[in-house]
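All heavy atoms count here, side chains included; hydrogens, waters and symmetry mates do not.
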Amino acid sequence: MNLIANFAVLASRRTIFDLPVCDLGWDDALVFINELASIPVGQTVVCFVNAHNMLTTLRDDEYYRIMSHNLVLPDGIGLNIASQIAHGAPFPANLNGTDFVPAFLTFMEAPRRIGLIGGKRSVVEAAAENFRKHAPWHEFVVVSDGYFDKVDSTEVIEELEHQKLDILIVGMGTPLQEKWVHNNIRADHARLVLTVGALFDFVSGAVPRAPKTVRMMRLEWAYRLLQEPARLWRRYVIGIPVFLFHVLRYRFRRRERILSYPEEHGSAQQPQSDRKKAS
């Protein structure tokens, strides 16, 4: 992450499974990321993590290392529960990408050239058109759908070099999108990169959002499960209890280690990570 961004956000992070997650409220997050978009040097990758993503960090060390260098925002009630258990308070806001990205585009008054990568061709083009209606002062460019060679992405990279973007939005699913961005996207491609999962499906209308009342009750996950049970049952029916188990396990093991460490090793050294124990 950009050094300025890294320094500025150090005081506004909480670790979940040793991964620093930003704990800014809505207004502060919008202001902060808008400022990042204006910095003429470096690059910041913004990611959104939910309980499923956090479980992935436990079993995928490469993904964890990549996420540790990104600006990570909390998404969903699972992260709130984890924060409550680990830090005594929930996150100030649910900064899920489906709500945050459109809000950010509106908040960002300076016209930007914004590229989109991911999803089916018809879906990403429909998403770009709806973004144009939502924030017409920005220029939205469909760089590519998500169906390209992730190992040899030469054509997509050449298109990025040609487009001269300010911001890149990538929606290819976790952890693929974060790994692909880390391995391929340079600062001269885009100073600000947002990895957004299924955002294009929602923005295009291909997949309906839960009703506002359901979202306010923090039950959008249940609505999505009812919509796509075959694809999502494992993530929610099994994944949520497993996530909560690891949160509790991590919390108590960390507390036990911290209390016992000074007696065993002296107070001069720093304790090591609990990630291997948690996984």
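For the residue pair Gln43/Arg186, the side-chain donor-acceptor check at 3.5 Å is not satisfied. With no hydrogens or angles considered, no side-chain donor-acceptor pair links Thr57 and Arg65 at under 3.5 Å. Defined by atom type and a distance below 3.5 Å, a donor-acceptor pair is present between the side-chain atoms of His134 and Thr106.
Side-chain N or O atoms of Gln177 include one that pairs as donor or acceptor with a backbone N or O of Gly173 at under 3.5 Å. Checked by atom type and distance alone, the side chain of Asn53 pairs as donor or acceptor with a backbone atom of Asn50 at under 3.5 Å. Side chain of Ser68 to main chain of Tyr64: a donor-acceptor pair is present (N/O by atom type, distance under 3.5 Å, no hydrogens or angles). A side-chain donor-acceptor contact under 3.5 Å links Arg191 to the backbone of Pro40. Remark: the backbone N or O of Arg113 is not paired with any side-chain donor or acceptor of His138 at under 3.5 angstrom. No donor-acceptor distance shorter than 3.5 angstrom exists from the side chain of Asn34 to the backbone of Leu30, with no hydrogens or angles considered.
For the atom pair OG1 (Thr98) and CG (Asp75), the distance works out to 7.0 Å, reported to the nearest 0.5 Å. For the atom pair CH2 of Trp137 and CZ of Arg112, the computed distance is 13.0 Å after rounding to the nearest 0.5 Å. The line from CZ of Arg13 to CG of Leu71 is 9.0 Å long, rounded to the nearest 0.5 Å. Between the CG atom in Leu79 and the CG atom in Asn94 there is a gap of 8.5 Å [rounded to 0.5 Å].
Across all non-hydrogen atoms, the minimal contact from Ala126 to Ser204 is CB-CB, 3.7 Å. Smallest separation of non-hydrogen atoms from Ser83 and Pro90: OG-C, 3.9 Å. Nearest approach of Asp60 to Pro175, heavy atoms of both residues: OD2-CG, 4.0 Å. Taking every heavy atom of both residues into account, Tyr63 and Thr174 meet most closely at OH-CG2, 3.0 Å. Looking at every heavy atom in both residues, Ala128 comes nearest to Val142 through CB-CG2, 3.7 Å. The nearest pair of heavy atoms linking Ile117 to Phe200 is O-CE1, 3.2 Å.
Two residues are said to be in side-chain contact when any heavy atoms from C-beta on lie closer than 4.5 Å; Ile33 and Leu192 meet this criterion. Residues Ile185 and Trp180 are in side-chain contact: their nearest non-hydrogen atoms beyond the backbone lie under 4.5 Å apart. You'll find the side chain of Leu55 reaches within 4.5 Å of the side chain of His246, heavy atoms only. Here the side chains of Leu160 and Val143 are in contact, with some heavy-atom distance below 4.5 Å. Using a 4.5 Å heavy-atom threshold, the side chains of Val196 and Val170 count as separate. Side-chain contact between Met67 and Val45: absent, with no pair of heavy atoms (C-beta onward) separated by less than 4.5 Å. Counting only heavy atoms from C-beta outward, the side chains of His189 and Leu168 never approach each other to under 4.5 Å. Using a 4.5 Å cut-off on side-chain heavy atoms (C-beta onward), Val72 and Val21 make contact.
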Test log, rule ring pair (Phe, Tyr, Trp, His ring centres under 6.0 Å), inputs Phe104 and Phe32: CA-CA 10 Å; Phe104 173 63; Phe32 180 61; over 10 Å; no
With side-chain contact (heavy atoms from CB on, under 4.5 Å) as the criterion, how do Thr195 and Met172 come out once you've worked through the C-alpha distance, each side chain's angles and the decisive distance to 0.1 Å? CA-CA 8 Å; Thr195 59; Met172 298 193 298; over 6 Å; no
Take Ile81 and Phe243, measure what side-chain contact (heavy atoms from CB on, under 4.5 Å) needs, and give me the verdict at the end. CA-CA 10 Å; Ile81 294 172; Phe243 173 73; 5.6 Å; no
Determine whether Cys47 and Leu73 satisfy the following criterion, side-chain contact (heavy atoms from CB on, under 4.5 Å), listing intermediate values before the conclusion. CA-CA 6 Å; Cys47 305; Leu73 302 184; over 6 Å; no
Does Asn184 form a side-chain contact (heavy atoms from CB on, under 4.5 Å) with Ile157? I'd like the steps, not just the answer. CA-CA 7 Å; Asn184 293 277; Ile157 300 306; 3.8 Å; yes
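For the pair Arg14 and Phe91, the distance from NZ or CZ to the six-membered ring centre is under 6.0 Å and the angle to the ring normal is within 45 degrees.
Residue Val123 is tested with Val203, Asp145, Asp201 for a side chain to side chain contact (heavy atoms under 4.5 Å, CB included); the sole match is Asp201.
No single ILVMFWY cluster, assembled from side-chain heavy atoms under 4.5 Å apart, contains both Ile66 and Leu194. At a threshold of 4.5 Å between side-chain heavy atoms, the hydrophobic network of Ile, Leu, Val, Met, Phe, Trp and Tyr places Leu58 and Ile238 in one connected group. Hydrophobic clustering (side-chain heavy atoms under 4.5 Å, transitive across Ile, Leu, Val, Met, Phe, Trp, Tyr) keeps Tyr147 apart from Leu116. Criterion: ILVMFWY side-chain heavy atoms under 4.5 Å apart, direct or through other members. Under it, Ile167 and Val41 are part of a common hydrophobic cluster. Following chains of ILVMFWY side-chain contacts shorter than 4.5 Å, one can reach Phe48 starting from Val31, so the two form part of one hydrophobic cluster.
Residues Phe107 and Phe100 keep their aromatic ring centres 6.0 Å or farther apart.
By the 4.5 Å side-chain criterion applied to Ile, Leu, Val, Met, Phe, Trp and Tyr, Phe202 is assigned to a cluster that also includes Val207.
Within 6.0 Å of atom NZ in Lys150, more than 12 heavy atoms from other residues, nucleotides or ligands are found, so the atom counts as buried in its surroundings. The neighbour count for Asp27 CG, taken as heavy atoms of other residues, nucleotides or ligands under 6.0 Å away, does not exceed 12.
Ion pairing of Lys120 with Glu125 is absent here, as no side-chain N (NZ or NE/NH1/NH2) approaches a carboxylate O to less than 4.0 Å.
For His182, the side chain to side chain donor-acceptor pair (under 3.5 Å) test picks out no residue, with sequence neighbours left out. Scored by the salt bridge (charged side-chain N to carboxylate O under 4.0 Å, His left out) test, Glu155 finds no partners at all (sequence neighbours excluded).
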